[in-house]
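Have a look at the structure below, then the notes.
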Amino acid sequence: MAAPTLLIDYSSLLHRAFHSMPETLAMHAVYGFLNMLARLLLDHRPRALAIAVDDDWRPAFRVAALPSYKAHRDATEDAVEDPVAPQEAAGRAVLRGLGFAVIGAAGFEADDVIATLAEHCRGAVAIVSGDRDLFALVRDPDRFVLYPRTGVSKLAVVDEAEVARRYGIPGRAYGDFALLRGDPSDGLPGVRGIGAKTAARLLARYGSLAAILAAGDLSPAVARKLDAGREYLAVAARVVPPVTDVPLAAMPLVLPAAPADPEALAALVAAYDLASPVERVRQALARIRAAGDQPPLPADS
Ligand code: MN
Ligand code: MN
């Protein structure tokens with residue numbers, strides 16, 4: 001496969017790293033993220049790369065449509081103050097100092113930034129995220145998700161076959177599956193009475209939510225539940241799918257040839273004890289540059 005564009009979900013992976021890296025360093029989550037970034041660069045030799053951030057992890061437009069959206073997380077984690085937050089800011093500064101395109105949009109999640117960027121990318125696009133919402137963006141053969149298996153060191157390739165294998169649904173139907181089934185961890189109840197099993201069975205048979213709703217041969221029980229859930233489905237359609245037309249500042253996604261701000265970077269590296277992972281990222285970038293226009297290595301799965 002030709003060198004892909006990598007769209008990296010910073011917020012998701014930083015949290016993964018926070019919980020999987022030993023806390024021997026103050027900036028252990030950033031440390032783990034940078035190591036993962038170096039490995040991604042070497043394994044995939046991307047031609048372009050963007051790092052998407054949650055400028056808002058619980059956007060007002062989603063809460064306005066469905067007040068339960070991530071409501072319980074607000075009550076638990078946020079009120080106590082998110083322990084990842086200080087590392088979040090430090091890591092962004094390091095990545096900007098290195099010259100990477102760090103992209104967020106006020107009022108939107110990284111999910112939305114990635115979905116928007118994916119719409120505009122040509123060729124292969126690898127989305128790196130531990131957020132299953134992004135499975136909705138999988139499109140063979142060009143667009144797949146690299147999903148962390150354990151921590152952030154092992155990544156599963158999630159393409160249409162893998163979506164089908166995991167959920168028993170057509171490979172492009174994850175978005176519809178999420179609408180029907182809901183997601184308690186995000187405060188999304190789903191259609192009442194339709195669990196993962198029924199949602200998967202319906203999607204496997206009819207192919208899409210639209211086709212299910214148009215079907216004339218549903219069992220009376222299912223037809224009744226879907227009918228009662230119509231209002232929920234209409235609301236959830238504005239909450240669940242990643243937004244694909246977020247207004248984004250134009251920014252080149254090419255790999256940095258040199259640090260954008262060497263002095264700021266040096267100060268951050270010293271302050272946060274990040275010399276070795278930053279050096280790993282810089283060496284990975286140098287190796288890709290040295291390889292020049294040689295054909296990229298095959299993607300590692
Ligand atoms: Mn997310
Ligand atoms: Mn999400």
Side-chain angles (χ1 to χ4, degrees), residues 6-20 29 32-33 36-37 40 50-74 76-78 82-85 87-89 91-92 95 101-119 125-138 143-149 151-152 155-156 158 163 166-167 173-190 196 199 235-246 248:
L6 284 184
L7 303 179
I8 300 181
D9 187 337
Y10 175 66
S11 306
S12 160
L13 296 172
L14 195 73
H15 277 81
R16 289 276 185 143
F18 183 87
H19 295 292
S20 66
F33 179 88
M36 185 209 60
L37 178 58
L40 281 168
I51 296 171
V53 299
D54 273 350
D55 271 353
D56 192 338
W57 63 276
R58 191 171 177 244
F61 75 91
R62 291 199 160 99
V63 177
L66 200 67
S68 67
Y69 182 66
K70 292 184 177 174
H72 58 297
R73 291 207 214 169
D74 198 30
T76 53
E77 287 168 35
D78 208 47
D82 182 1
V84 187
Q87 298 202 44
E88 228 276 343
R92 282 192 200 198
L95 292 165
V102 178
I103 306 179
F108 291 95
E109 300 179 53
D111 307 34
D112 306 310
V113 173
I114 287 172
T116 299
L117 290 171
E119 284 294 304
V125 176
I127 295 164
V128 192
S129 177
D131 185 342
R132 285 186 306 254
D133 292 338
L134 295 170
F135 291 175
L137 305 181
V138 166
R143 216 195 275 162
F144 54 95
V145 173
L146 297 170
Y147 185 80
R149 272 193 258 244
V152 287
L155 299 167
V158 179
V163 170
R166 284 180 183 229
Y167 301 104
Y174 186 85
D176 286 350
F177 180 66
L179 281 173
L180 279 165
R181 178 204 56 180
D183 182 354
S185 69
D186 275 350
L188 301 167
V235 166
R238 290 183 286 150
V239 176
V240 176
V243 175
T244 56
D245 59 355
V246 173
L248 296 175

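Just so it is clear, the model here is predicted, and its values are computed rather than measured. Read the numbers this way: they start at 1 and go in the same order the structure lists the ligands and their atoms.
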Worksheet item: What N, O or S atom of D131 is found closest to the Mn ion (ligand 1)?
Response: OD2

Fill in: Side-chain ion pair, R62 and E109, N-O less than 4.0 Å
yes

Practice prompt. Check for a donor-acceptor pair, side chain of Y10 on one end and backbone N or O of R92 on the other, with a separation under 3.5 Å.
Written response: yes

Worksheet entry | D111: its N/O/S atom lying closest to the Mn ion (ligand 1) (atom name) | OD1

Discussion item. For Y147, does the six-membered ring have the charged nitrogen or CZ of R16 within the cation-pi criterion, i.e. under 6.0 angstrom from the centroid and within 45° of the normal?
Written reply: yes

Discussion item. Only N/O/S atoms count here: what is the atom of D133 closest to the Mn ion (ligand 2) called?
Written reply: OD2

Worksheet item: Mind checking whether F144 and V158 have side chains closer than 4.5 Å, heavy atoms only?
Response: no

